[in-house]
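Remember, it's a predicted structure, so these values are computed and weren't measured experimentally.
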Amino acid sequence: MKHIHSAVEQAAKQTSRYMTGQMRKEAKASGWPRHVVANMGVIYDDKRFQVHVHDRHFDEAQRLEYGTEHDRPTAAIRRASNRTKETDQFFMSALKNIVGELWPSWFLR
C-alpha cells in the first residue's frame, strides 16, 4: 500500500507540472504579462491541486482573470483548470508509467 501511495504522489506532482504548463500557455495566449505568467503555477499539496501566483503578482493576476469595471476578464486560469479530461489522461498515464517501474509487467495484468 505504501508503494501505491508513493506512486499516486509522484504522478500528482508530475501532473501539477503539466497543469502549470497548460495554465501558463493559456495565460500567454490571453496576453498576460510575462512576469505574471512566469510566477504562477499549480502545486500539489495536502492531497489537492492548487493554483499559486506569487504574492507580488496576485492582485494583477486577479484583475486579469476576473476583470474590472474597465477591463474584460480573460479567465486563463479557469479555462486551463476546466481541461479535466486532458489532465485526467495525463495523470493516469503518469501513474501507469510509475507503477510499471515499481512492479513487473506480469503483476499489472
Side-chain angles (χ1 to χ4, degrees):
M1 194 67 158
K2 180 179 172 185
H3 293 297
I4 292 172
H5 179 72
S6 175
V8 169
E9 290 284 323
Q10 288 177 38
K13 290 191 188 271
Q14 288 179 19
T15 303
S16 70
R17 289 190 294 272
Y18 168 79
M19 293 171 71
T20 293
Q22 294 301 307
M23 185 176 61
R24 287 179 178 175
K25 182 178 174 182
E26 191 68 53
K28 284 180 193 175
S30 296
W32 286 34
R34 261 189 238 182
H35 65 275
V36 176
V37 173
N39 288 287
M40 61 192 292
V42 177
I43 55 175
Y44 179 74
D45 190 34
D46 197 26
K47 297 181 179 143
R48 63 185 180 159
F49 294 99
Q50 300 175 25
V51 172
H52 175 75
V53 178
H54 192 282
D55 292 344
R56 269 192 322 250
H57 310 298
F58 183 83
D59 290 340
E60 187 174 5
Q62 189 90 359
R63 284 192 303 275
L64 291 163
E65 180 72 13
Y66 296 102
T68 66
E69 64 183 78
H70 305 290
D71 299 310
R72 294 181 62 195
T74 56
I77 294 171
R78 288 175 286 169
R79 275 197 307 274
S81 297
N82 285 332
R83 292 198 179 108
T84 55
K85 183 176 180 180
E86 293 89 351
T87 302
D88 288 349
Q89 289 172 342
F90 182 91
F91 175 80
M92 292 307 293
S93 177
L95 184 60
K96 184 177 177 183
N97 289 337
I98 292 164
V99 169
E101 293 171 7
L102 296 175
W103 291 300
S105 59
W106 58 264
F107 183 79
L108 300 174
R109 291 184 191 174

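I77 shares a hydrophobic cluster with Y18, M19, M23, W32, V36, V37, M40, V42, Y44, F49, V51, V53, F58, L64, F90; the chain of contacts runs through ILVMFWY side chains whose heavy atoms sit under 4.5 Å apart.
Contact detail for A76 and A27: the closest heavy-atom pair is CB-CA, 3.6 Å.
Considering only residues two or more places apart in sequence or on other chains, R56 meets the side-chain contact (heavy atoms from CB on, under 4.5 Å) condition with N39, H54. The side chain to side chain donor-acceptor pair (under 3.5 Å) test applied to E65 returns R78, not counting sequence neighbours. For T20, there are no side chain to side chain donor-acceptor pair (under 3.5 Å) partners, not counting sequence neighbours. When the side-chain contact (heavy atoms from CB on, under 4.5 Å) test is applied to R63, the partners found at least two apart in sequence or on another chain are D59, E60, T68.
With rounding to the nearest 0.5 Å, the separation of OG in S6 from CD1 in I98 is 8.0 Å. The structure places OG of S30 at 12.5 Å from NZ of K28, a figure rounded to the nearest 0.5 Å. We find the CZ-CD1 distance between R17 and I43 to be 13.5 Å, quoted to the nearest 0.5 Å.
Put simply, the side chain of R72 never gets that close to the backbone of G67: no donor and acceptor are under 3.5 Å apart.
D71 is not listed as a side-chain neighbour of Y66, based on a closest heavy-atom distance of 4.5 Å or more. For the pair H57/P33, no side-chain contact is recorded, criterion being any heavy-atom separation below 4.5 Å from C-beta on. Residues M92 and K96 fail the side-chain proximity criterion, which asks for heavy atoms closer than 4.5 Å.
Here side chain to side chain donor-acceptor pair (under 3.5 Å) pairs that include residues 83-94, with residues two or more places apart or in two chains, are E26-R83.
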